[in-house]
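Structure, as structure tokens:
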Amino acid sequence: MEEKEKQEQYDFFAYIGRMKYIFRWGLMRNTDSENIQEHSLQVAILAHALAVIHNQLCGREELSPDRACVYAVFHDAGEIITGDLPTPVKYYNPVIRENYQAIEAVAKEKLLSMLPAELDAVYRRILFYEQEDAQYYPIVKAADKLSAYIKCAEEVKAGNREFVKAMESTLEALQASELPEVAYFMRHYMEAYNKTLDEMN
């Protein structure tokens with residue numbers, strides 16, 4: 001009996017599965033470590049929520065919460081290849097920032113090369129959503145910032161002063177946001193993150 005022809009294999013989804021091995025906040029002592037898979041799920045939940053608030057409560061141009069969610073799931077995918085560069089380094093000056101963005105683009109192209117050509121267009125739109133579907137960038141970026149603030153607040157709540165300055169600067173950035181959905185979320189949902197489980201119940 002002839003051996004069945006070996007099916008062609010692609011590495012894309014196995015690589016995406018390695019998000020759980022890339023840890024965030026590398027320069028800081030963490031009470032509870034956070035990997036980019038956990039972070040990406042939280043950003044996806046928050047991006048979905050911000051898009052819903054945008055549509056239902058802010059009376060603005062309609063966005064797809066589902067699309068915002070998917071873009072957020074993959075927003076840090078390039079870091080599987082580059083690793084997570086700490087924010088103080090990433091934004092130290094315009095030259096570093098510009099070069100890091102170029103490195104991120106190369107990393108995303110590398111991920112896309114792990115897919116069959118027939119799927120390239122679908123995942124290119126997702127991985128490069130900032131260019132391909134730019135109206136979603138402010139929502140996903142705001143969700144990313146909210147996730148960072150929640151992480152900082154949780155660390156400070158646990159007594160870790162390592163995150164105090166990061167929490168203050170992240171809060172300033174959120175308060176400076178021009179998105180009304182961000183202000184709404186901060187006003188109505190953020191305080192609950194300081195509650196204990198018993199207080200929430």
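Note that the structure is predicted; figures quoted are calculated from it, not measured.
Through side-chain heavy atoms spaced under 4.5 Å, either directly or across other Ile, Leu, Val, Met, Phe, Trp or Tyr residues, Leu41 is tied to Ile45.
When only modelled atom types and interatomic distance are considered, Tyr71 and Asp133 share a side-chain donor-acceptor pair under 3.5 Å. In summary, the side chains of Asn35 and Arg24 do not present any donor paired with an acceptor at a separation below 3.5 Å, with no hydrogens or angles considered.
Aromatic ring pairs are classed by plane angle as parallel below 30°, tilted from 30° to 60° and perpendicular above 60°; the pair Phe13 and Tyr123 is perpendicular.
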Derivation of the side-chain contact (heavy atoms from CB on, under 4.5 Å) call for Arg124 and Glu109
CA-CA 8 Å; Arg124 181 172 297 278; Glu109 290 289 355; 2.8 Å; yes
One pair to check against side-chain contact (heavy atoms from CB on, under 4.5 Å): Ile16 and Phe74. What are the steps and the verdict?
CA-CA 9 Å; Ile16 294 297; Phe74 287 89; 4.1 Å; yes
Stepwise side-chain contact (heavy atoms from CB on, under 4.5 Å) check, Arg161 with Glu155:
CA-CA 8 Å; Arg161 291 191 51 78; Glu155 287 287 335; over 6 Å; no
For Lys151 and Asn30, run side-chain contact (heavy atoms from CB on, under 4.5 Å): C-alpha distance rounded to whole Å, both residues' side-chain angles, the deciding distance at 0.1 Å, then the answer.
CA-CA 10 Å; Lys151 164 66 174 173; Asn30 286 253; 3.0 Å; yes
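Considering all non-hydrogen atoms of both residues, Ser147 and Leu46 come closest at N-CD1, 3.7 Å. Taking all atoms of both residues into account, the shortest heavy-atom contact from Glu162 to Met28 is O-CE, 3.0 Å. Among all heavy-atom pairs drawn from Ala153 and Met167, the shortest one is CA-SD, 3.6 Å. Ala68 and Ile139 get closest at one heavy-atom pair: CB-CG2, 4.3 Å. Summarising the geometry of Ala143 relative to Leu50, their closest heavy-atom pair is N-CD1, 3.8 Å, with the distance given to 0.1 Å. Here the closest non-hydrogen pair linking Ala44 and Val73 is CB-CG2, 3.6 Å.
Ion pairing between a basic and an acidic side chain is recognised when a charged N comes within 4.0 Å of a carboxylate O; Lys108 and Glu130 show such pairing.
Checked against side chain to side chain contact (heavy atoms under 4.5 Å, CB included), Ser33 has the following partners two or more places apart in sequence or in another chain: Phe23. With sequence neighbours left out, the side chain to side chain donor-acceptor pair (under 3.5 Å) criterion links Lys145 to no other residue.
A donor-acceptor pair is defined here as one N or O able to donate and one able to accept, closer than 3.5 Å; such a pair exists between the side chain of Tyr136 and the backbone of Ser64.
Note that OG of Ser169 is 9.5 Å distant from CG of Leu174, once rounded to the nearest 0.5 Å.
Residues Arg29 and Asn160 are in side-chain contact: their nearest non-hydrogen atoms beyond the backbone lie under 4.5 Å apart. Contact annotation: the side chain of Asp144 approaches that of His39 to within less than 4.5 Å [non-hydrogen atoms, C-beta and beyond]. Looking at Phe163 and Trp25, their side chains come closer than 4.5 Å, going by heavy atoms from C-beta outward.
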